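Letters A, B, ... mirror the listed sequences (proteins, then strands); counts begin at 1. All of these numbers come straight from a predicted model, not from anything done at the bench.
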Amino acid sequence: MDRFFEGLDREQKEAVFSSSRIVLVVAPPGSGKTRVLVARFLHLIERDVAPSSIVAVTFTNRASLEMKQRVSTLLPFPPHTLNINTFHRLCLGILRRELGGFVLCSRDGQIAHLRELGIRNPEAGVERISRLKNLLFHGYRDATRDELELLSQYQNRLEERGELDLDDLILRTIRLLEEDPVLLETYRERFTHILVDEYQDINPPQSRLIRLLVGNNGGLFAIGDPDQSIYNFRGANLRGFLEFREHYPDASILTLSTNYRSAKRIVHMSSSVIQKNTMRMDRAVKSIRDGGDVMVVECTDEKDEGEFIVREIESIMGGLTSLTTGREKEGFRFSDLAVLYRTNSQKDALREVFSRCSIPYRIIGEKDDSFKSFADHLKGITPEGVSLLSDLIKKEAILMGMDEGTTELLTHRASFYDTLGIEEGLRRFYEDLLFMEPQDTYDVEADRVTLMTIHMAKGLEFQVVFIAGCNEGLLPLAMRDTDLEEERRLLYVAITRAKEKVYLLFTKKRRMWGEVRETPPSRFIDDIPRELVTMKRTARKKTKKRMKQHGLFE
DNA sequence: AGGTCGGATATTTTT
DNA sequence: TATCCGACCT
């Protein structure tokens with residue numbers, strides 16, 4: 001364990017060993033955020049804090065699972081005894097204990113309710129309801145009468161059925177703790193140290209929940225990167241970060257400044273992009289590795305873009321192309337490569353190209369994901385005559401032909417509940433399925449190129465990243481109320497996933513909203529110093545003039 | 001149950 | 001222009 005601490009740099013140590021009750025760590029991409037969080041956990045244990053008194057909160061199942069595994073391999077505590085959870089699961093635990101019987105309303109359940117209430121677009125309605133609930137929470141009073149009416153009808157339906165939706169888990173927990181000071185005190189005594197990951201993603205209710213639990217004596221260790229705040233549209237904006245000092249006047253605010261992930265040219269390029277934002281905590285990021293490649297590629301249209309990516313992957317992986325060009329193999333696996341895009345609508349063109357070549361690939365977030373059908377299948381099973389839940393899951397997963405990685409993850413999750421006796425265990429497992437999304441279970445070990453939205457890629461890293469659709473209208477995405485700074489942060493997140501190579505691809509035209517349009521390159525490309533990038537064109541057409549127009553060439 | 005037609009819709013989505 | 005959904009048909 002001492003070895004583990006020795007591996008930390010000066011800034012990381014300063015954060016990990018800080019004696020302040022309240023600590024906020026600004027952690028740029030690749031600066032060892034999870035490592036620091038895990039180290040803080042170990043440090044608290046070393047200071048004789050009981051593991052059960054530490055609560056670590058993350059936003060995603062993926063992050064909580066990763067942290068749980070990392071802590072439990074370093075400490076002699078079995079994973080299920082550690083309070084490392086998503087916000088929602090933490091609240092679910094509190095409400096199960098304090099409120100008892102209620103049913104979770106899944107996203108599909110929400111859609112069904114809204115459909116029965118006569119909503120035209122129930123999927124979008126789910127988001128509206130969620131936004132409204134969270135806005136009303138902090139005193140937003142501009143909701144229209146129709147909105148309030150819909151919300152009250154929806155809420156009535158939930159209440160009639162004894163259901164809570166995902167937002168309710170947070171909101172009801174806050175209400176419960178605020179209305180019952182004795183209970184609040186109990187939880188403050190139980191959870192004396194709180195660790196929060198990806199703090200930039202915190203929304204006002206979550207921020208309030210943390211403040212409630214921390215109180216005047218609790219310890220808080222929050223870590224995140226305001227430059228990677230990309231969930232504004234869900235109510236998670238920079239305020240949580242920028243107002244930290246107001247919420248916690250005696251906080252220590254520390255900064256990490258070394259990016260261990262990306263090569264120098266990529267770090268410089270990403271900095272030059274993000275520096276154009278005005279709403280940010282300024283900071284310098286150092287890189288420790290020389291080199292890195294940044295390529296800006298002009299394509300004719302989205303088909304051409306996809307074909308370029310596929311050809312480039314074949315070349316990188318040492319296919320036929322590399323033999324003809326004499327390029328050496330660079331020793332990458334397919335899983336070292338990712339194709340990122342702003343909108344899911346872009347994946348059709350990419351799927352079309354990938355499906356016709358021999359490159360193994362995987363698209364995260366496909367609607368007909370096998371995970372979802374497996375989850376539905378499991379709900380129909382009665383656990384008669386099964387002694388271990390994990391055995392049941394394994395058997396069914398093999399029967400359904402799930403891939404090995406997903407099967408292992410689900411079995412691992414189920415094994416937490418084997419001790420609870422198959423009914424209770426199964427109920428808890430079903431709740432887990434409700435919280436799980438395809439991206440939680442995707443087999444990271446599988447050697448495939450990963451295609452996904454930029455949002456999904458946060459927290460991941462790859463040797464080579466292709467960013468498709470760096471066009472005006474797409475990145476930045478044209479919306480009624482486009483937040484340019486948030487769009488720039490999205491590009492920043494995408495770029496900083498790359499360790500060695502990053503490709504920014506834009507097209508001259510592309511099909512958008514049902515028609516082929518001229519699409520200028522993203523304005524963000526102008527923010528990149530030309531000496532850091534290599535310009536490429538896929539077509540032999542006379543495109544130089546256009547590039548000149550957009551200031552890409554002298 | 002499964003098939004086909006027409007009209008609406010098309011943007012990001014941790015839990 | 002491609003996809004999805006509901007309405008209607010068999």
Next item on the list: For dT14(B), take OP1 and OP2 only and decide whether either is under 4.0 Å from a side-chain N or O of T58(A).
Entry: no
Note to self: Among dT15(B), dT11(B), dT13(B), which nucleotide has an atom closest to any side-chain atom of M456(A)?
What the structure shows: dT13(B)
Check: Just how far, in rounded Å, is C1' of dT15(B) from NZ of K458(A)?
Finding: 13 Å
Note to self: Work out how far the P atom of dT12(B) is from that of dT3(C), and round it to whole angstrom.
What the structure shows: 15 Å
Notebook entry, point to check: Once you round it to whole Å, what is the distance between C1' of dT12(B) and CD1 of I467(A)?
Noted result: 16 Å
Next item on the list: Evaluate salt bridge (charged side-chain N to carboxylate O under 4.0 Å, His left out) for D168(A) paired with K133(A), printing each intermediate quantity in order.
Entry: CA-CA 9 Å; D168(A) 289 336; K133(A) 269 192 188 187; 2.7 Å; yes
Next item on the list: Could you tell me whether E127(A) contacts a base, only the sugar-phosphate backbone, or nothing, with contacts defined as non-hydrogen atoms closer than 4.0 Å?
Entry: base
Check: How long is the line joining CD of E198(A) and C1' of dT13(B), in whole Å?
Finding: 15 Å
Item checked: Side-chain N or O of N61(A) closer than 4.0 Å to phosphate OP1/OP2 of dT14(B) -> no
Check: Which nucleotide, dT15(B), dT11(B), dT12(B), lies nearest any side-chain atom of H455(A)?
Finding: dT12(B)
Checklist line | Ion pair E352(A)/R356(A), N-O distance below 4.0 Å | finding: yes
Note to self: Checking the side chain of E307(A) only, and the main-chain atoms of V353(A) only, is there a donor and an acceptor separated by less than 3.5 Å?
What the structure shows: no
Note to self: Classify N344(A) by what it touches in the nucleic acid, base, sugar-phosphate, or nothing, heavy-atom distance under 4.0 Å.
What the structure shows: sugar-phosphate
Next item on the list: Figure out the CG/C1' separation between N232(A) and dT11(B), and round it to whole Å.
Entry: 15 Å
Next item on the list: Provide, to the nearest angstrom, the distance between the CD1 atom belonging to I230(A) and the P atom belonging to dT14(B).
Entry: 10 Å
Notebook entry, point to check: Roughly how many Å is it from CG in L474(A) to P in dA10(B), rounded to a whole number?
Noted result: 16 Å
Margin query: From the set dT15(B), dT12(B), dT14(B), return the single nucleotide nearest to any side-chain atom of T86(A).
Written below: dT15(B)
Note to self: Any salt bridge linking K499(A) with E461(A)? Criterion: basic side-chain nitrogen under 4.0 Å from a carboxylate oxygen.
What the structure shows: yes
Notebook entry, point to check: Rounded to whole angstrom units, what separation is found between the CD atom of E302(A) and the P atom of dA2(C)?
Noted result: 11 Å
Notebook entry, point to check: Is the aromatic ring centre of Y231(A) closer than 5.5 Å to the centre of the six-membered base ring of dT14(B), with the two planes inclined by less than 30°?
Noted result: yes
Checklist line | dA2(C) and dT13(B), which share atom name P, separated by this distance in whole Å | finding: 23 Å
Notebook entry, point to check: Is any side-chain N of the basic residue among R208(A) and E178(A) closer than 4.0 Å to the acidic one's carboxylate O?
Noted result: yes
Next item on the list: Could you state the atom-to-atom distance from CG of L164(A) to P of dT15(B) in whole Å?
Entry: 18 Å
